[in-house]
Student: 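I'd like to ask you about the structure that follows.
Every chain is numbered from 1 and lettered A, B, ... according to where its sequence line falls, protein lines coming before strand lines. Hydrogens, waters and symmetry mates play no part in the numbers below; they use all other heavy atoms, side chains included.
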Amino acid sequence: MSVKYIPVQWNRNKWIYDAVMLTGVALFLWVFLYLTPEVLSHEQPVTAQIHNARAFGACAFVMLTVILCIGPAARLDRRFLPLLYNRRHFGVMTAFVALTHAGYILNWYFAFSSTDKLVGLLYANASLGQIAGFPFELFGIFALICLLILAATSHDFWLKFLTPPIWKRLHYLIYAAYFSVAAHVSLGILQDQKNHVFTVLFILGASAVIVLHIAAWLSERREIAAKDGAWAEVACVGDFREGYAKIAKLANGDRVAVYLMEGKLSAISNACAHQNGPLGEGKIIDCLVTCPWHGFQYDVRSGRSPAPFTEKVPTYRLRVIGDMVEVHPDANPPGTYVEPVPLPEPPPDPARDPAEQGATA
Amino acid sequence: MNVAEALVMVMQAWGIIGAVVAAVFLTIGIDRIDADARGAYIFRPLLIPGVLLIWPLVLWRWWQTETERAAWAERYRPVRASYGIAVVLMSLGIVAIVTLGLSVRQSWPADIAPLQLSEGARQ
């Protein structure tokens, strides 16, 4: 099975998302440059280049803060999921905004440097042994390199080529980049603030990122601790819908999609072999589940794509204990057939009206 | 040569090697290791910046894929376990650096008259 790569995958939602994002960026720059100079102490005569550099720098910080808030917010509340699905475009745009900030700095402060501008930037301040006056530019350069790596490896190809675990680890650079940006701001522009509006806004933004991430992490830990043990609970018998999956999160963090097909349960990895698309969000048609991202299909009993295609995903063993469906956390090698487990009738709910039960049976 | 010039030279060398790797990988390697890339050419220029930046990783993964050395389970191994470490380190680092930055911040009265500390050089 093969889906040819294209430069950018667009759809209507992505157009709307990108339009809102670009409008937001333009609005932020306009407000920063023209509406609030006195609030941000820019009523002092600074050159247009410095003013622009500050505007783009502040914009990059805000964008990075929003990006970092989207992930944990979506994990804590699924209503934020639509914001998560096109976050890559947001990240690429942030890298361009940060690059523009760096461009203004280099082309203003080092415009007449007798050496290369970059050499001038690295050479201008070598006070590495002190905190006040530390060359905060180094943090900015490191953050910019991280953002460029993340933006440059955001195409689908990289996820498949590097494999999701390596790609994900590489993209953990976002946390190092955000710390670096915080250091760049703290030891840089924050040292020069005569009013505290920017300081307060900066601390609020960074605090939002910290609080959301810690909350999401603790929430995940609680979930995983509750599921620790040899067999992991998936869902109650009555929760399954014919043709659809319930997604279970294992103690090791992996996700398993458990499908109900023709009254029997089968479990495969939730990660598509192509680019780790969420198989559990797909629907079963003719024994095959279709990945919602690129249409790759798998037999849920064996984890194999239909011939002549050769993609395979791991399968899992299931059992039903009382009213609870459980999955064993040890994955079978990709493509291993597992006999589907018949789903028993859910026990009648005494709290419900018998007439209603008959109507939904 | 000072440290700054050496760093910039290392960056330039990194970029030149990356350009050579990009040229070979995007014309020959990519077709050998990824069926989805065969016959798809328009997206390849988009990969150039990525190869320039992380070419050692590209070479390593290319070699791994060609020699089929990666175990099947690796692909499905989640990395969420590292999330907590990354988040805690980032949070502690931010709190520390912001506190440090604010503690060394200097303030001065902006509206007092300037005081001449020494005679200027006579013309």
Side-chain angles (χ1 to χ4, degrees), chain A residues 2-7 115-116 118-120 122-123 131-132 145 148-149 151-153 155 157-158 160-166 168-170 172 175-176 178-179 182-183 185-187 190-191 193-194 199 203 206 209-210 213-214 217 220-221 252-255 269 271 273 313-314 331 333-334, chain B residues 2-5 7-8 11 30 33-40 42-54 57-58 61-62 64-65 70 72-84 86-91 93-95 97-107 110:
Chain A
S2 178
V3 176
K4 293 267 178 282
Y5 292 117
I6 56 172
T115 56
D116 181 81
L118 208 49
V119 173
L122 291 168
Y123 194 67
I131 295 176
I145 291 172
L148 290 176
I149 289 175
T153 57
H155 192 274
F157 164 79
W158 291 104
K160 186 183 178 194
F161 172 59
L162 296 176
T163 72
I166 296 172
K168 190 77 186 164
R169 283 193 180 93
L170 184 68
Y172 271 7
Y175 303 114
Y178 195 70
F179 160 75
V185 173
S186 296
L187 301 181
L190 231 57
Q191 300 294 317
Q193 291 296 293
K194 293 177 191 63
T199 309
I203 291 174
V209 169
I210 290 174
H213 274 283
I214 296 289
W217 173 56
E220 273 190 5
R221 275 187 53 165
N252 63 8
D254 205 356
R255 285 177 166 82
S269 165
V313 292
Chain B
N2 58 43
V3 176
E5 286 170 340
L7 279 174
V8 172
M11 279 189 236
I30 197 168
I33 58 155
D34 192 340
D36 294 353
R38 287 171 202 148
I42 300 173
F43 86 103
R44 295 188 190 195
L46 284 181
L47 307 184
I48 294 172
V51 182
L52 290 180
L53 288 164
I54 59 164
L57 195 55
V58 171
R61 274 298 303 157
W62 185 3
Q64 261 204 333
T65 314
W72 69 266
E74 289 294 323
R75 192 177 180 85
Y76 299 95
R77 187 157 294 157
V79 292
R80 294 299 295 174
S82 321
Y83 171 64
V87 163
V88 169
L89 284 178
M90 178 192 72
S91 304
I94 290 174
V95 171
I97 200 72
V98 172
T99 310
L100 211 58
L102 291 178
S103 67
V104 297
R105 184 153 80 162
Q106 295 175 336
S107 58

Student: Between A:Y123 and B:L7, is the side-chain contact (heavy atoms from CB on, under 4.5 Å) condition met? List the steps.
Tutor: CA-CA 10 Å; A:Y123 194 67; B:L7 279 174; over 6 Å; no
Student: Non-hydrogen atoms of chain B under 4.5 Å away: do they reach the side chain of A:H213, the backbone, both or neither?
Tutor: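 Both backbone and side chain of A:H213 come within 4.5 Å of chain B.
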Student: What heavy-atom pair brings A:Y172 and B:A86 nearest, and what distance separates the two atoms?
Tutor: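 Minimum heavy-atom separation between A:Y172 and B:A86: CD2-CB, 4.3 Å.
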Student: A:A132 versus chain B, heavy atoms under 4.5 Å apart: side chain, backbone, both or neither?
Tutor: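 Both backbone and side chain.
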Student: Enter the distance from B:L102:CG to A:L190:CG here, rounded to the nearest 0.5 Å.
Tutor: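 CG of A:L190 is found 5.5 Å from CG of B:L102.
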Student: For B:I30, is it the side chain, the backbone, both, or neither that has a heavy atom closer than 4.5 Å to a heavy atom of chain A?
Tutor: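 For B:I30, the side chain is the part near chain A, not the backbone.
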Student: Looking at A:A176, A:P7, A:A152, which makes the most heavy-atom pairs under 4.5 Å with chain B?
Tutor: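 Most heavy-atom pairs within the cutoff with chain B belong to A:P7.
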Student: Which one wins on heavy-atom pair count under 4.5 Å against chain A: B:L57, B:L52, B:I48?
Tutor: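 Counting heavy-atom pairs under 4.5 Å, the top option is B:L57.
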Student: Between CE of B:M90 and CD1 of A:I214, what distance do you get to the nearest 0.5 Å?
Tutor: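 One gets 7.5 Å once the value is rounded to the nearest 0.5 Å.
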Student: Heavy-atom distances under 4.5 Å only: say whether B:V3 touches chain A with side chain, backbone, both or neither.
Tutor: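 Neither the backbone nor the side chain of B:V3 comes within 4.5 Å of chain A.
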Student: Between B:I42, B:V98, B:L100, B:L46, which shows the greatest number of heavy-atom pairs under 4.5 Å with chain A?
Tutor: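 It is B:V98.
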Student: Please identify, among A:T153, A:I6, A:I149, the residue contributing the most non-hydrogen atom pairs under 4.5 Å to chain B.
Tutor: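 With the most close heavy-atom pairs to chain B, the winner is A:I149.
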Student: Can you find a pair of side-chain heavy atoms, one from B:M11 and one from A:L122, that are under 4.5 Å apart?
Tutor: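 The answer is yes; the side chains approach within 4.5 Å.
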Student: B:I54 versus chain A, heavy atoms under 4.5 Å apart: side chain, backbone, both or neither?
Tutor: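 Side chain only.
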Student: Against chain B, work out which of A:T115, A:I210, A:I203 has the most heavy-atom pairs shorter than 4.5 Å and name it.
Tutor: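 Looking at each option in turn, the highest pair count goes to A:I210.
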Student: Of all heavy-atom pairs between B:R61 and A:F161, which one has the smallest distance, and what is that distance?
Tutor: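 Looking at all heavy atoms of both residues, the shortest contact is NE-O, 2.7 Å.
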Student: Just so I understand: if I count every heavy-atom pair under 4.5 Å between each of B:N2, B:L47, B:V8 and chain A, which residue has the most?
Tutor: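 The residue among B:N2, B:L47, B:V8 with the greatest pair count is B:L47.
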Student: Does B:E5 use its side chain to pair, donor to acceptor, with the backbone of A:V119 at less than 3.5 Å?
Tutor: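 Here the side-chain-to-backbone pair does not exist.
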Student: Using every non-hydrogen atom in the two residues, find where B:I94 and A:A206 come nearest and quote the distance to one decimal.
Tutor: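 In terms of heavy atoms, the two residues are closest at CG2-CB, 4.1 Å.
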Student: State, to 0.1 Å, how close B:V88 and A:W217 come at their nearest heavy-atom pair, and which atoms those are.
Tutor: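 Residues B:V88 and A:W217, closest heavy atoms: CG2-CZ3, 3.7 Å.
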Student: Other residues, nucleotides and ligands only: do more than 12 of their heavy atoms fall within 6.0 Å of CZ on A:F157?
Tutor: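 For A:F157, atom CZ is crowded (more than 12 foreign heavy atoms under 6.0 Å).
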Student: Return the option, out of B:G39, B:S103, B:G93, with the maximum number of heavy-atom pairs under 4.5 Å with chain A.
Tutor: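 Ranked by contacts with chain A, first place is B:G93.
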